[in-house]
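Please read the structure below before turning to the comments.
Letters A, B, ... mirror the listed sequences (proteins, then strands); counts begin at 1.
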Protein chains: 2
Amino acid sequence: MKMSDRKRKILQIVVDEYINTAVPVSSKSIAEKHLTDVSSATVRNELASLEELGYLTQFHTSGGRVPSPQAYRFYIEELMEKGDLSEQDLDYIERSFSGKSNDVEHLVRSVSKVISELTDYTSVGIGPHADEERIRNIALLACGEGRALLVIVTGERILRDSFIEIPDGMTNEELENASRVIAKLFEGKALSEVKDVEEEVLSEFGQYRQVMHEVIDALKSYTRPRDEDVVLTGAEKIFNHPEYDDIENVKNFLTVISSKDKLAEIIGDENDEIQINVKIGSCDDAEVPEDCSVVTATYSAGGKNLGTYGVIGPIRMDYHKVITVLENVGKALEGIIGNKQNDKNEKKDKKDE
Amino acid sequence: MKMSDRKRKILQIVVDEYINTAVPVSSKSIAEKHLTDVSSATVRNELASLEELGYLTQFHTSGGRVPSPQAYRFYIEELMEKGDLSEQDLDYIERSFSGKSNDVEHLVRSVSKVISELTDYTSVGIGPHADEERIRNIALLACGEGRALLVIVTGERILRDSFIEIPDGMTNEELENASRVIAKLFEGKALSEVKDVEEEVLSEFGQYRQVMHEVIDALKSYTRPRDEDVVLTGAEKIFNHPEYDDIENVKNFLTVISSKDKLAEIIGDENDEIQINVKIGSCDDAEVPEDCSVVTATYSAGGKNLGTYGVIGPIRMDYHKVITVLENVGKALEGIIGNKQNDKNEKKDKKDE
DNA sequence: GTTAGCACTCTCATTCATCAAGTGCTAACG
DNA sequence: CGTTAGCACTTGATGAATGAGAGTGCTAAC
């Protein structure tokens, strides 16, 4: 059965209406409010047909219709009316990123916060994978008996750090030397390349082989995302949506978002080629819990990855708003990070003259 | 009216029973299960009297009695039966801390996790205040155009970090020099002392006054606790307790724990002299939400503060279990940290010989 | 001081009737 | 053949009535 224009129109009305009101929509309301040229009986026929096509379901015979996941997908791809954010929202984005925030952790937090505030959904963010970042500087700093702090700075203004046990009797000078040697060895390398040079590097080190071993282990550990990299904002926002008047749903939701691991899986597992990605529970992705939708975007600016962000919420989600917010945040980030880089390049150019 | 022994006994039974079952307890059940030598009518008289004294309340006339906040407090201070954790739980604590974990952030996380797992309540932890920690090492590391990473290592194996803008044209060598000078200036100082020497230090710096200014600002900022310092574990645990079958309570709870600021206030605001602190909502502390109890402990080992940890949950909380867990975690930490320090001192002593 | 007995109160689950909403179907219409 | 009016049917939601069960408070007797 083909999808007539009228069917499309009606489907769009149903989805729009349901997203706005959370109430199953009836043939009568459609005929009265949106399709005044036909009767409710006609609409009823169309609805029955859309139901047969798998786009609509009803909880019970006298309860109006509700979009199926398939309908949401179709809606997002073909039906949704485009339209930008309000001036107010755009302003808010602008103001939020114009400020200081000079390292990735803060950036991740503020991006996540902005998304949550504007969409009114719970937002998740995960910073950029460190895998492909190149090491800019690396140092071992003395910090009391038997221990040194390993600091790694990468091109992406990311830094990670951890403690390394050092042998007794290693002096501060020796440590500084080791630090310098290590810096030389790894500068310019991507974290993902560390394992390739592992053998080679270790063989060069006699005396402090053990220290080197720890350094390499630490470096390798940074290629895996850690709990701390996943930020969650606005968990309480779910109570603004009536599906979470039901305790079971809240329980489900809270259990999922309590595990940073699970969140990372849900968020992180997206296709790089698609800028904005929508996963609808029980339909697109096993990780996403039933009754939940997850919309994510992976940002980059100046060719650099800035992490993946998104919202998690009920399937009846305001996809238009969410997607528009994600798009605009992306643009804003690109603008800001882009400009900063340009500034820098200009300065550099000036210097080079 | 004085509190007879029998009243105490009955009150203890009511609180114990209610904590275990979450069901208001009746005179009949007390007489049958615990006080077989008297009749329910006698118990009833005692209950009425305890109610008059403010220890018990009832939701409705035929609903049995429930302890008041005042009763819980009395229970904790005088009635609660002492008794240690099971072998199994002690083992779990042992195993959890015997491992690697070599910096504060990991420690905070694992302590919080252990507490949440063993008590079955949501746990909050906040790392030690940096105020009084002495700076061990401080360094500025180059990391791309116009920016340097400020790394601070304190005696408490804590480290904090942030980025500093540096002037154009400052070379790596200059940076290393500045780094060394700064390290000399601040080594051994407590973070809380930084503001005292601010003027003096700034006046010594001509050329790189601006850099120094940023360094000092950063140092000062570490005396305030940051969102990242507050960790939350086991939020989903509340669903194991029937008071959170009610959506309103969940909403309340989730809203509170979503704000790290609020959490920090609730947790952090305790009296240093008391090792274990119990706050019962709407009775002890304005910060603690109505219907919630918060039990916290501030740990230290070898004279050093290790942070404040606790659980947040319903007023009908298993105080005995919670307090015992907190005590044992404290002991375990003291044991481990203490030993490590001893090891080190021994090594040092040997070297000195 | 303790107890048995009983009336009283309140909750909870069940039943029943009613109402409103919305559909599906059928028959009629243009 | 698409559209429509009309109507029977289904279902959930609401509220009143009811009875059972639990627990208390009070009184009078021990």
query = Once you round it to whole Å, what is the distance between P of dG23(D) and OH of Y18(B)?
reply = 14 Å
Nucleotide interval of DNA chain C bounded by contacts with chain B (heavy-atom cut-off, under 4.0 Å) = dT2(C) to dT11(C)
ask   = Is any side-chain heavy atom of L53(A) less than 4.5 Å from a side-chain heavy atom of K7(A)?
value = yes
note = Applying side-chain contact (heavy atoms from CB on, under 4.5 Å) to D84(B) and not counting sequence neighbours gives T324(B), N328(B)
key: Chi angles and distances behind the side chain to side chain contact (heavy atoms under 4.5 Å, CB included) call for F239(B), V250(B)   = CA-CA 9 Å; F239(B) 295 117; V250(B) 175; 4.0 Å; yes
query = Do any side-chain nitrogens or oxygens of T61(A) fall under 4.0 Å of OP1 or OP2 in dT10(D)?
reply = no
What pairs of nitrogen or oxygen atoms, one from the protein and one from nucleotides 13-21 of chain D, lie under 3.5 Å apart?
none

ask   = What are the residues of residues 22-38 of chain B, sorted by number, that bring a heavy atom to within less than 4.0 Å of DNA chain C?
value = D37(B), V38(B)
List the atom pairs, with distances to 0.1 Å, where a side-chain N or O of residues 55-66 of chain B and a protein N or O form a donor-acceptor pair under 3.5 Å, not counting sequence neighbours.
residue : atom : partner : partner atom : Å
R65(B)  : NE   : E51(B)  : OE1          : 2.9
R65(B)  : NH2  : E51(B)  : OE1          : 2.8

With K260(B) via side-chain contact (heavy atoms from CB on, under 4.5 Å) - residues at least two apart = D227(B), V230(B)
query = In dot-bracket form, how is DNA chain D paired, counting a Watson-Crick or G-U wobble pair only if both its distances are under 3.5 Å and using | for bases paired to another strand?
reply = ||||||||||||||||||||||||||||||
key: Non-neighbouring partners of E78(B) that pass salt bridge (charged side-chain N to carboxylate O under 4.0 Å, His left out), sequence neighbours left out   = R8(B)
request  = State which residue, out of D91(B), V329(B), I93(B), fulfils the side chain to side chain contact (heavy atoms under 4.5 Å, CB included) condition with L85(B).
outcome  = I93(B)
Nearest-nucleotide comparison on DNA chain C, the residue closer to the 5′ end among G63(A) and S40(B) = S40(B)
inquiry  = Please compare R44(B) and N45(A) by the position of their nearest nucleotide in DNA chain C and report the one closer to 5'.
reply    = R44(B)
Listing, residues 13-27 of chain B side-chain donor-acceptor contacts under 3.5 Å, not counting sequence neighbours, or none:
residue : atom : partner : partner atom : Å
D16(B)  : OD1  : Y75(B)  : OH           : 2.5
E17(B)  : OE2  : K33(B)  : NZ           : 3.2
N20(B)  : ND2  : D16(B)  : O            : 3.4
T21(B)  : OG1  : E17(B)  : O            : 2.8
T21(B)  : OG1  : V23(B)  : N            : 3.2
S26(B)  : OG   : S29(B)  : N            : 3.2
S27(B)  : OG   : R44(B)  : NH1          : 3.4

key: Side-chain heavy atoms of V256(B) within contact of I266(B), under 4.5 Å   = yes
key: Toward the 5' end of DNA chain D, by each residue's nearest nucleotide, G64(B) or A41(B)   = G64(B)
message = Show me the pairs that pass salt bridge (Lys or Arg N to Asp or Glu O under 4.0 Å) and involve residues 230-246 of chain B, at least two apart or across chains.
response = E117(B)-K237(B), E243(B)-R316(B)
query = Given atom CD of Q58(B) and atom C1' of dG23(D), what is their separation to the nearest angstrom?
reply = 9 Å
ask   = With sequence neighbours left out, what residues match S123(B) under side-chain contact (heavy atoms from CB on, under 4.5 Å)?
value = S112(B), I115(B), S116(B)
ask   = What's the CD1-P distance between I10(A) and dG2(D), to the nearest Å?
value = 14 Å
task = Inspect the surroundings of CD in E77(B) and state if more than 12 heavy atoms from other residues, nucleotides or ligands are less than 6.0 Å away.
result = yes
request  = Apply side-chain contact (heavy atoms from CB on, under 4.5 Å) to I76(B) and list each qualifying residue two or more places apart in sequence or on a separate chain.
outcome  = V278(B), Y319(B), I323(B)
